[in-house]
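Notes follow once the structure below has been shown.
On a predicted model such as this, the values are computed, not experimentally measured, just so you know.
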Amino acid sequence: YRDELRTDKIFQQFVTGIGDSAFLTEIEAQRVSSLLAQQREVAYLEIDLGSLADKVEVQDAELKQYFDENRSEFVTEETVSIEYIELRKEDFLEMVDFDASEITRFFAENRSDYEKEERRDLSHIFLEFSTKKNRQEVRDLASNIHSRLRAGEDFASLAMQYSEDLGSKAEGGQLGLNAKGTFDPAFEEAAFALINSEFSSPIEVAAGVHIVKVNDIEAAVKPSLENIRAQVESDFKELRAEDDFYLASNRFSELLFENSDWEVPAENLGIPIKRTEPLTRSSEHPLFTNPQIVEAAFSPDVLIDGNNSDLLEIGDGRMIGLRVYEHAPAYQKDFSDVSQAILELVMQQKSRALSEKMASDMIDQIEGGSLAQYVADQAGYSWTVLGPVTPSQQGINPYVLSAAFKIPRPTDKSESLGIAILMDGSSAVIRVSSVETDQVGAAGELADEIKNVFGRQRGFDEIRYFQKSLRDSSDVDLSS
C-alpha cells in the first residue's frame with residue numbers, strides 16, 4: 001500500500017512538473033491578446049435542411065441497403081421484469097415500542113452524548129525559553145508586557161509584536177474555543193479561573209511564559225432528561241430500529257439463499273412482493289439508477305439460472321432482494337417495422353450532403369466572379385449580415401462564429417469565404433469582408449491573465465501528448 005502511495009505521489013509530482021513548467025512568451029501573449037481583440041465583418045447564408053426536403057429523393061432499394069448494412073442499429077434491447085422485496089429501516093422506526101424505564105436507562109448510559117463541557121475562546125502571548133536568552137530576561141519581558149496590558153494597551157497588538165507562538169502570532173494570539181484537557185495544566189488552571197474579557201498574570205511553564213486572555217465563554221450544558229426527552233426518545237428509536245433492521249437484513253439474506261420459493265421470505269418478513277414493468281439496462285426506473293441492481297438483474301445467476309439475487313444494499317437503510325420473473329431477449333427488428341425511421345435517417349444524410357455541396361458550389365460561383373447577392377437570390381436564400389464581431393461575441397451561432405475566425409484574412413480587397421457545419425448538420429456559407437486588429441501590448445493584468453490561462457492549457461496539452469507518446473511506445477502483452 002505504501003509503495004502504491006509513493007508511486008502515485010511521484011506520478012502526481014511528475015505531471016504537476018510538466019503542467020506547471022509550460023508558459024507563453026511575451027510575443028505569444030501579445031499575439032493571443034491581438035487575436036482576442038480582433039474584429040471581423042461577417043455575413044453568412046444558411047442552407048437549412050428543411051428547405052431541401054423536396055430536392056432529396058430516396059429509393060426503396062436505398063432503404064433496404066441501409067438496413068442490411070446497419071442491422072445492429074435495429075435490434076431491440078433485452079428486457080427483464082423483476083420481482084423484488086425491499087427492506088427499509090424507516091419501517092422498523094415506526095414499529096419501535098418502548099416504556100419510560102427504557103428511556104431513563106438509555107439516557108443514563110449515554111448522558112455524555114447530550115452534555116457539553118465548558119469551552120473558552122482564548123488568546124495568549126507566549127515567550128519561549130531558549131539558549132539565546134536567559135530565563136530572567138524572558139520573565140522580565142513578560143512582566144513588562146503584563147504592565148502594559150494593565151495600562152490599557154491592546155492584547156492582540158502586543159501578541160503580534162512579542163508572541164513567539166508562530167501558529168497564533170499573526171492572528172493576535174487567538175487560540176479559538178477549547179475545552180479543558182487541551183493545554184498545559186498550569187496554563188489551563190489560570191485560563192479557566194479568569195472571568196470573561198480578563199487576562200492573566202504571567203504563567204510560567206516548562207517551555208516558557210504565557211499571558212492568557214479570555215475572549216468569550218461557552219457555558220457547559222448538562223440537560224436533564226425532561227428538558228430533552230423528545231430528542232432522547234428519537235435517538236433511542238433510531239438505534240433500536242437500526243438494530244432490528246440489521247437483524248432482519250441478516251435473516252433476509254439467509255432466506256434469499258435458502259428458498260427458491262419467493263413467497264417464503266416475503267411471508268417470513270411480512271413484506272409484500274413488488275413487480276416492475278419490463279426494464280432495459282438503460283431504463284429510468286428508480287431501482288435501475290443503482291448499478292448494483294442492474295448488474296444483479298442481468299447476471300447469469302439470476303437471469304439464466306433463475307436464482308434469487310444476493311441481498312443488495314442500495315442506500316442508507318435500504319436492502320433489496322430480487323429475481324427475474326420475465327425475460328425478453330434482444331431480437332432483430334423486421335425491415336417493415338423500421339423502414340420509416342430509416343427513411344428519415346437517409347433523408348437527413350442526403351440533405352446534409354446536399355446542403356454542403358450547395359454551399360461549396362456557391363463559394364465557387366462567388367470566387368468565379370458572381371456577386372454574392374446574386375448567387376443567394378438565384379438559390380432562393382438570403383444573407384444574414386452580422387457586421388463587426390469579436391471571437392467572444394455573444395448572441396451569435398457559435399458554429400458560425402468559430403468558422404468566421406478560422407477563415408484566412410481577405411486579400412486584395414476581396415472577401416474570404418468558408419463553410420460552417422451547424423449543429424443540425426446543415427451548412428452555411430461564411431463571408432469575411434474585412435479584419436481589424438487592435439495593437440495590444442503584452443504588459444498589464446490582461447496579458448498576465450492570458451499567460452496564466454493559455455500557459456495552463458499548454459501544460460494540459462503537453463501532459464496529453466506525453467501520455468499519448470507513452471501509449472504509442474508501450475508494448476503490452478495481454479495473456480490469459
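Although no hydrogens or angles enter the test, the distance criterion places no donor-acceptor pair under 3.5 Å between the side chain of D216 and the main chain of D121. For the pair S402 (side chain) and P398 (backbone), a donor-acceptor distance under 3.5 Å is absent. A donor-acceptor distance shorter than 3.5 angstrom exists from the side chain of S309 to the backbone of L322, with no hydrogens or angles considered. Listed for the Q394 side chain is a donor-acceptor partner under 3.5 Å among the backbone atoms of S392. Using a distance-only test at 3.5 Å, with no hydrogens or angles considered, a donor-acceptor pair links the side chain of Q393 to the main chain of T390.
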Review item, side-chain donor-acceptor pairs of residues 287-298, under 3.5 Å, at least two apart:
from, atom 1, to, atom 2, distance (Å)
T289, OG1, P286, O, 2.6
N290, OD1, Q292, N, 2.8
Q292, NE2, E313, O, 2.9

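Checked against ring pair (Phe, Tyr, Trp, His ring centres under 6.0 Å), Y114 has the following partners two or more places apart in sequence or in another chain: F107. Considering only residues two or more places apart in sequence or on other chains, F183 meets the ring pair (Phe, Tyr, Trp, His ring centres under 6.0 Å) condition with F187. Evaluation of the ring pair (Phe, Tyr, Trp, His ring centres under 6.0 Å) rule for F126 yields H210 as partners, not counting sequence neighbours. Qualifying side chain to side chain contact (heavy atoms under 4.5 Å, CB included) partners for R431, counting only residues two or more places apart in sequence or in other chains: A43, A372, W383, E415, L417.
Salt bridge present: E62 and K350 bring a charged side-chain N and a carboxylate O closer than 4.0 Å. Of the charged side-chain nitrogens involved, at least one lies within less than 4.0 Å of a carboxylate oxygen, so that K468 and D472 count as a salt-bridged pair. A salt bridge links R120 to E118: at least one charged side-chain nitrogen sits closer than 4.0 Å to a carboxylate oxygen. One finds a salt bridge joining R281 and E78 here, because a Lys/Arg side-chain nitrogen approaches an Asp/Glu carboxylate oxygen to under 4.0 Å. We find that E83 and K274 are not joined by a salt bridge, their nearest charged nitrogen and carboxylate oxygen being 4.0 Å or further apart.
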- Task: Would you sort out whether D334 and S336 count as a side-chain hydrogen bond (donor to acceptor under 3.5 Å, both in side chains), showing the intermediate values?
- Result: CA-CA 5 Å; D334 292 334; S336 59; 4.9 Å; no

- Task: Report the C-alpha separation of S51 and Y381 in whole Å, then their side-chain angles, then the decisive distance to 0.1 Å, and conclude whether the side-chain hydrogen bond (donor to acceptor under 3.5 Å, both in side chains) test is met.
- Result: CA-CA 10 Å; S51 67; Y381 295 96; 2.7 Å; yes

- Task: Given side-chain hydrogen bond (donor to acceptor under 3.5 Å, both in side chains), test N250 with S253 step by step and report yes or no.
- Result: CA-CA 5 Å; N250 290 333; S253 180; over 6 Å; no

- Task: Would you check, one step at a time, whether the test side chain to side chain contact (heavy atoms under 4.5 Å, CB included) holds for R40 with E436?
- Result: CA-CA 6 Å; R40 293 188 169 205; E436 297 291 335; over 6 Å; no

- Task: Apply the test side-chain hydrogen bond (donor to acceptor under 3.5 Å, both in side chains) to residues S283 and T280: give CA-CA distance (whole Å), side-chain angles for both, the deciding distance (0.1 Å), then the verdict.
- Result: CA-CA 5 Å; S283 290; T280 67; 3.2 Å; yes

- Do K169 and E164 pass the salt bridge (Lys or Arg N to Asp or Glu O under 4.0 Å) test, and can you show the C-alpha distance, the side-chain angles, and the key distance before you say yes or no? CA-CA 7 Å; K169 178 184 179 74; E164 294 175 301; over 6 Å; no

- Query: Would K64 and D68 count as a salt bridge (Lys or Arg N to Asp or Glu O under 4.0 Å) if you check the C-alpha gap in whole Å, the side-chain angles of each, and the deciding distance to 0.1 Å?
  - Reply: CA-CA 6 Å; K64 188 63 168 65; D68 291 337; 3.0 Å; yes

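Under a cut-off of 6.0 angstrom, the local environment of CD in E171 is sparse, with at most 12 non-hydrogen atoms contributed by other residues, nucleotides or ligands. For L371, the CG atom counts as loosely surrounded, since its 6.0 Å shell holds 12 or fewer non-hydrogen atoms of other residues, nucleotides or ligands. Heavy atoms of other residues, nucleotides or ligands lying less than 6.0 angstrom from CD of Q332 number more than 12. Residue-environment remark: CD (E277) exceeds the threshold of 12 foreign heavy atoms within 6.0 Å. Counting non-hydrogen atoms of other residues, nucleotides and ligands closer than 6.0 Å to OH of Y325 gives a total above 12. In the displayed structure, K116 atom NZ is contacted under 6.0 Å by at most 12 heavy atoms of other residues, nucleotides or ligands. Taking a 6.0 Å sphere around CG of D305, one finds it holds more than 12 heavy atoms contributed by other residues, nucleotides or ligands. Annotation for K55: atom NZ counts as buried by contact number, over 12 foreign heavy atoms lying within 6.0 Å.
Residues Y66 and Q349 approach most closely at CE1-NE2, 3.6 Å, considering heavy atoms. Here the closest heavy-atom approach between residue F74 and residue I342 is recorded as CZ-CG1, 3.4 Å.
Applying the ring-ring contact (aromatic ring centres under 6.0 Å, His included) definition to pairs two or more places apart or across chains, those involving residues 327-370 are F67-F335.
Rounded to the nearest 0.5 angstrom, Q231 CD and D113 CG are separated by 10.5 Å.
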